[in-house]
Amino acid sequence: MKLAKIIFTISIALIFSTDILGQGYKDGKYSKEKESDVFVLEKIYEVQKISPYKGGDKPVKNIILLIGDGMGSSHVFAGITANKGDTYFQQFTNNGYSRTASANKYKTDSAAGGTAISTGAKTNNGSVGIDVNNKPVETILEIADKNGKATGMVVTSSITHATPASFISHQLHRKMYEEIAHDFLSTDIDVFIGGGKNNFDDRNDGLNLLDSLKNKGYSIIDNERDIMKFSGDKLAGFIADGHPKGISERGNVLVPSTTKAIEILSKNENGFFLMIEGSQIDWAAHDNDAGELIKEIADFDKAIGEALKFAEKGGNTLVIVTADHETGGFIVKDGNDKTGEVDGVFASKSHTPTMVPVFAYGPSADKFRGIYLNIEIFNKMLEAYGFNKTNISKK
Ligand code: MG
Ligand code: ZN
């Protein structure tokens with residue numbers, strides 16, 4: 001009898017003093033977390049206020065599509081937190097989500113993800129600019145070119161890597177870098193800036209594609225300073241022989257390259273299509289490196305700022321920011337937007353199938369609201385330009 005009373009007393013005491021089921025969160029009591037690393041940006045950058053677009057349903061003359069490779073919503077939020085609550089991402093008022101699954105995998109890679117956005121065709125992982133039957137599909141860059149627009153790409157990977165390749169090339173596999181480089185000769189792309197010069201002049205087939213590019217009227221420039229000084233019409237700009245370095249070593253290349261590309265392309269009176277890629281957001285996330293990730297996001301956001309500043313002036317440029325997929329299963333676990341501290345954790349070393357954000361500014365930006373398949377981004381761009389679909393081969 002006495003023992004039962006003691007047990008009863010202890011049980012009651014336990015219920016009131018400790019959280020035996022670990023469900024204290026129901027009363028706002030949270031278990032203590034393990035301490036983890038926090039990251040900050042070395043330098044907070046200034047964000048200019050962009051006036052909201054008020055031009056109504058004006059025709060779209062130019063499209064600037066910015067792809068943050070592997071950039072999920074948490075990556076964006078980490079960028080917002082790291083820059084103390086202020087980024088260009090927040091200046092968009094037309095936002096949506098893209099579902100990124102490829103034809104054969106719930107987790108897409110950048111080749112299928114890029115091809116969906118560039119052609120409107122769902123394809124298999126690894127495929128570049130072709131559909132599930134391996135049939136080449138016209139890309140938005142090629143269609144824009146055919147319709148008299150100037151075209152360009154600026155990336156922080158090799159220019160032959162999966163994302164840019166999806167916009168200009170049609171190959172069975174993303175790793176066919178030499179074939180992809182050769183496909184640059186099949187279009188009239190006006191400006192491209194990125195790494196990967198080796199795929200043009202140090203090839204197994206012995207061809208020197210830089211000579212071929214020169215014959216097509218391109219200036220070949222392989223140093224950043226001269227790229228930024230270029231004043232002609234056709235530029236092949238190489239910022240590295242292979243992949244450019246990560247942001248900590250690469251420094252400020254994406255932003256001036258973006259400005260330069262816009263400057264060259266905007267000379268065309270029929271308008272332009274420009275794809276800008278923050279290529280290495282994906283790689284920082286694969287590395288589960290939150291410190292490098294917030295730097296890549298900041299770099300990308302500054303490039304977004306250049307696109308928005310241009311779009312704000314003319315009122316006929318549509319700016320779209322999105323991702324091909326999420327990488328890292330990244331979560332901002334905690335942080336502080338007064339100090340810019342980001343405490344982020346990763347659930348994966350790979351891509352995840354979670355939907356990715358879409359931001360749009362300018363005429364036709366309201367088309368990008370909602371949740372839709374990645375292929376719809378292509379359809380919406382085509383519609384925004386006012387191009388018809390009839391000549392596009394689809395599965
Ligand atoms: Mg990429
Ligand atoms: Zn990746």
Side-chain angles (χ1 to χ4, degrees), residues 65-72 74-76 98 100-102 104-119 123-129 139-141 152-169 171 173-177 180-181 183-184 192-196 199 239-240 242-247 250 253-254 257-258 274-290 292-293 296-297 299-300 303-304 320-330 346-358 374 377-378:
L65 169 66
L66 298 108
I67 299 180
D69 197 312
M71 185 185 74
S74 267
H75 304 60
V76 174
S98 162
T100 65
S102 70
N104 66 333
K105 297 277 182 203
Y106 207 42
K107 293 199 287 188
T108 188
D109 76 330
S110 291
T115 299
I117 297 171
S118 69
T119 70
T123 194
N124 297 325
N125 282 10
S127 295
V128 172
T139 74
I140 186 75
L141 187 147
M153 293 199 281
V154 175
V155 304
T156 50
S157 63
S158 286
I159 196 74
T160 48
H161 203 241
T163 310
S166 306
F167 283 80
I168 202 160
S169 181
Q171 297 294 342
H173 202 274
R174 56 183 287 173
K175 285 193 183 141
M176 299 165 70
Y177 295 123
I180 290 167
D183 281 349
F184 275 75
F192 58 93
I193 304 173
N199 299 137
I239 55 172
H243 286 307
K245 299 255 194 311
I247 179 66
R250 184 175 76 236
V253 193
L254 182 62
S257 300
T258 299
L274 173 61
M275 194 282 285
I276 312 280
E277 188 196 18
S279 317
Q280 300 201 30
I281 294 167
D282 178 64
W283 299 348
H286 278 290
D287 286 341
N288 287 184
D289 185 341
E292 197 70 359
L293 179 63
E296 290 288 356
I297 290 282
D299 190 44
F300 185 57
I304 294 170
I320 307 155
V321 180
T322 189
D324 47 357
H325 54 76
E326 197 270 357
T327 304
F330 183 60
F346 297 86
S348 169
K349 285 264 181 190
S350 176
H351 300 172
T352 76
T354 194
M355 54 191 186
V356 293
V358 184
N374 52 5
I377 296 172
F378 168 82

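All values below come from the heavy atoms of this structure, side chains included, with hydrogens, waters and symmetry mates left out. Whatever order the structure lists them in is the order used to number ligands and atoms, beginning at 1.
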Open item on the list: Angle at the Mg ion (ligand 1), OG1 of Thr163 to OE2 of Glu277, rounded to 10 degrees, please.
Closed with: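 If I round to 10°, I get 80°.
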Would you please say whether a donor-acceptor pair under 3.5 Å links the side chains of [X] and [Y]?
{"X": "Thr163", "Y": "His161", "value": "no"}
{"X": "Ser157", "Y": "His243", "value": "no"}
{"X": "His325", "Y": "Ser110", "value": "yes"}

Would you check if the Mg ion (ligand 1) lies under 2.8 Å from any N, O or S atom of [X]?
{"X": "Asp282", "result": "no"}
{"X": "Asp69", "result": "yes"}
{"X": "Ser157", "result": "no"}

Task: Presence of N, O or S from Asp109 under 2.8 Å of the Zn ion (ligand 2) - done: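 No.
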Task: the Zn ion (ligand 2) to nearest N/O/S of His325 below 2.8 Å - done: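 False for His325.
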Task: Shortest-distance N, O or S atom of His286 relative to the Zn ion (ligand 2) - done: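 Sorting the N, O and S atoms of His286 by distance to the Zn ion (ligand 2) puts NE2 first.
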Open item on the list: With rounding to the nearest 0.5 angstrom, report the CG to CD distance, Asp289 to Gln280.
Closed with: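 Atom-to-atom, Asp289:CG and Gln280:CD are 11.5 Å apart.
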TODO: State, yes or no, whether a side-chain contact exists between Phe346 and Leu293 at a heavy-atom distance under 4.5 Å.
DONE: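 Phe346 reaches Leu293 side chain to side chain.
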TODO: To the nearest 10 degrees, calculate the angle at the Zn ion (ligand 2) involving NE2 of His351 and OD2 of Asp282.
DONE: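 My answer is 150°, to the nearest 10°.
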Task: Of Leu274, Ile168, Ile193, the residue whose pairing with Met153 passes side chain to side chain contact (heavy atoms under 4.5 Å, CB included) - done: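 Passing option: Ile168.
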